[in-house]
Amino acid sequence: MEDIYADALRGLLEDCCTLRHVREIEAGGPAGALWEAIEGSGFANALLPESVDDGAGLTLADAFALLELCGRFAVPVPLAETMTARALLAQAGVRRPGGSIALAAGPLDADGALHCERVVFGRVADWVLAQVEGAPSRCLLLPVDAAEATPAVAPLDAGLRWPADALAAAPSFEGGEALRLHQARLLAAQLAGALSAVFERTLQYANERQQFGRAIGKFQAIQHQLSVMAEHVFAARMAAQMGCTAGDAPTLAPDALRAAVAKARTSEAALEVAALSHSIHGAIGFTAEFDLQVYTRRLHAWRQAAGAESHWHDLIGTLLVDGRFERSLDLLRAATDPVAA
Amino acid sequence: MSGALSSLSMTAIPPEDEALRAPVRAFLAEALKDVPAPVRARSWSGYDGAFSRALGARGWLGITLPTEYGGGGRSAFARYVLVEEFLNAGAPVGSHWIADRQSGPLILKYGTEAQKRFHLPRICRGESFFCIGMSEPNAGSDLASVRTRAVKGADGWTLNGQKIWTTNAHHCQYMIALVRTSGEPEDRHKGLSQLIVDLSLPGVTVRPIEDLSGDSHFCEVFFDNVQLPADALIGAEGHGWEQVTAELAFERSGPERLFSSIVLFDEWLAFVRTEAGRTPSAVRLAGRIMGQLAPLRAMSLAVTRKVAEGGSPVVEAALVKDLGTGVEQLIPAAIADDLYGRAEGTPVPLELLLTLEYVTQVAPSFSLRGGTRDILRGMIARGLGLR
């Protein structure tokens, strides 16, 4: 079932999300046309129940291949995030707007404004589903055009600040503390896709690039670097899959342990794989003109977003040291058994 | 290759196999309650024939072998659960380890009916232990260059040569040896065969090699005109290379590539759980190690499913082993940094430090046994189409 969806999304992205489009939007061009094409395809509703609108009723595990494709194509709008945000809004009984939705978290300032720094896709999203930090934890759906935007490090991101009166008008629901976990596992899935793209491009380059009279992939030193890349890509993909699996119930509720493993392991792999791919590509891979950088910049950006590996290692370590697990093996079982809750 | 990467997905252990865990854990808790951690850390190097027979009596050896040969007739996942519990408890599994993991399945796959009827029930009872005769002096991981030779005569084979790094040969009754039965070492893969060698025969000399920790778990084995019966041959003459390759896939994907340092990790974890032992950096390190082990366990289970379905996922197994032994080696290095990076005078239990000392010393072997890191990376590169 999921292959049909994945093939359809791949076809759509091959047409409307080429690296030329990605570069244009990164350079400040409008994202509206790309989003309209995606909206028209219905993929943003993939996680909505079939009873709602044109929902496809997929679980997050079913949708993993779609999330991965968002990373593989470096989709410069928050498609994966919008899928999840729409499903969360439906569960909370909040009316869903058209347009793309980014995920964020931030504290309330003294004047009652909500300030979210470094919102991933904050520059190109139409809406933000934001967790207001502090108790009781709340989620607000906020229009980006009501926020004061400041630049962030990555070109598609932004710092966003909504004045108190914008918050008062916003739809909201209780219990937003899981939003960071949702974001972590969605980024992990997109990292898995980007890691695969980098690996396949590097493998192809090693088979084509001639030096010293033969393809560089014939040299043992390069072969071993590619083998190590394959190991990291493989492990990261498995971790990302784990993050998107939470029992067999049709629920979006994230499991903190699995989300943490997913983001931590994909972030570690991002660092290793980015370094190895640039090493194998030599100087050409470092140029703006060559496509590799579109992906390796994302590896670093997404590694850092929503908590780099140490942030999530702290959570896993706390669950192990303070948790219900008699042995480390029991934590591993809880993380890896696809049917354990 | 990228197809192989994306074809492996999360895999559940079937409930009937998972059900083995509680009784095994209860048995091990009782059997090992007085065994100190530095001894338990030896686990798959630890030798205890009586312990193996006790496992055999409970039906926990040869659990994947057919019941008609004394086995449990269960799936690869049943064995996965057992082995995972053995290693995590630090059970001394070294005596039956090779027979249970490799030799039994090899005999089942390639052996004659008579060989199966003779060997498999003994393996399942924990009465018959095997070692692997692959490596030779100057051959190491380059198995195609083996020189030990068996010459076929009127009523059997005459065996001459030498094997090395043979784990627990001094405690085993049998070796399955990879030998040259025709051609020369220059012929590489051609002319190799596997023979079952009764180590009690005249002409066999077994000499233990002491390792840097003071243990002697591997050996040199010498063959001087050893007379073997005709039915010592296992499988087809000249097909030793294919048989060994299939055998190594059993060896490379299992839980033993993740858990060689786990007794140390759990011992350290118990210290970190104390008021004196807990620090923010220790909690972070615990998370870092678990964050790497968790996807590896999922990968290892996915490879097990391929084995259970009759596949031979050689490249995937190599990926798991290379990454897994990396974490196994990270654990003692990072724990040493944690414990010896603390302020002078922090009271750390001596037993924990002794466990760390042992694992630190033997850790280099984790990425040597079963194929060195470089050999595995070469296999992965071949799977990627690079060679």
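So that the names make sense, note that chain A is the first sequence line, chain B the second, and so on, each numbered from 1.
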Yes or no on side chain to side chain contact (heavy atoms under 4.5 Å, CB included) for I380(B) and M229(A), after CA distance, side-chain angles and deciding distance?
CA-CA 10 Å; I380(B) 297 164; M229(A) 280 179 83; over 6 Å; no
Could you give me the CA-CA distance, side-chain angles and deciding distance for I13(B) and D337(A), then say whether side chain to side chain contact (heavy atoms under 4.5 Å, CB included) is met?
CA-CA 7 Å; I13(B) 296 177; D337(A) 184 340; 5.9 Å; no
Kindly determine whether L329(A) and R25(B) satisfy side chain to side chain contact (heavy atoms under 4.5 Å, CB included), including the steps that lead there.
CA-CA 12 Å; L329(A) 173 61; R25(B) 195 175 280 201; 3.9 Å; yes
Between R377(B) and Q225(A), is the side chain to side chain contact (heavy atoms under 4.5 Å, CB included) condition met? List the steps.
CA-CA 9 Å; R377(B) 290 182 181 171; Q225(A) 290 189 56; over 6 Å; no
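In this structure, M10(B) CE and F64(A) CZ are separated by 10.5 Å, a value rounded to the nearest 0.5 Å. Within the model, atoms CD1 of I316(A) and CG of L285(B) stand 12.0 Å from one another, a figure rounded to the nearest 0.5 Å. To the nearest 0.5 angstrom, W312(A) atom CH2 is 13.0 Å from R284(B) atom CZ. Interatomic distance, CD of E309(A) versus CD of Q292(B), reported as 9.5 Å (0.5 Å rounding).
Contact count versus chain B (heavy atoms, under 4.5 Å) is highest, among S227(A), A335(A), A206(A), A192(A), for S227(A). Note on G378(B), P295(B), G326(B): by heavy-atom pairs under 4.5 Å with chain A, the leading option is P295(B).
Without hydrogens or angle criteria, Q223(A) side chain to L386(B) main chain gives a donor-acceptor distance under 3.5 Å. Put simply, the side chain of D314(A) never gets that close to the backbone of V283(B): no donor and acceptor are under 3.5 Å apart.
Interface residue R278(B): only side-chain heavy atoms are found under 4.5 Å from chain A. Of the atoms belonging to E18(B), it is side-chain heavy atoms, and not backbone ones, that fall under 4.5 Å from chain A. Proximity to chain A (any heavy atom under 4.5 Å) is shown, for S281(B), by neither the backbone nor the side chain. With a threshold of 4.5 angstrom between heavy atoms, A264(A) does not approach chain B through any atom at all. Of the two parts of L293(B), the backbone and the side chain both hold a non-hydrogen atom closer than 4.5 Å to a non-hydrogen atom of chain A. Heavy atoms of A270(B) lying under 4.5 Å from chain A are absent altogether. Interface residue L332(A): backbone and side-chain heavy atoms are both found under 4.5 Å from chain B. With a 4.5 Å cut-off on non-hydrogen atoms, R21(B) touches chain A through its side chain but not through its backbone.
M238(A) and A302(B) get closest at one heavy-atom pair: CE-CB, 3.9 Å. Considering all non-hydrogen atoms of both residues, M242(A) and A294(B) come closest at CE-CB, 3.9 Å. Listed here is the closest heavy atom pair of S328(A) and I262(B): OG-CD1, 3.6 Å. Nearest heavy atoms, L320(A) versus A286(B): CD2-CB, 4.1 Å.
Around the CZ atom of R288(B), the shell of radius 6.0 Å holds no more than 12 heavy atoms that belong to other residues, nucleotides or ligands.
Taking 4.0 Å as the cut-off between side-chain N and carboxylate O, K321(B) and E231(A) do not count as a salt-bridged pair.
The side-chain contact (heavy atoms from CB on, under 4.5 Å) test with F234(A) singles out one residue from L296(B), L323(B), L319(B), and that residue is L319(B).
When side chains are defined from C-beta on, H224(A) does not count as touching R373(B), because their heavy atoms never get closer than 4.5 Å.
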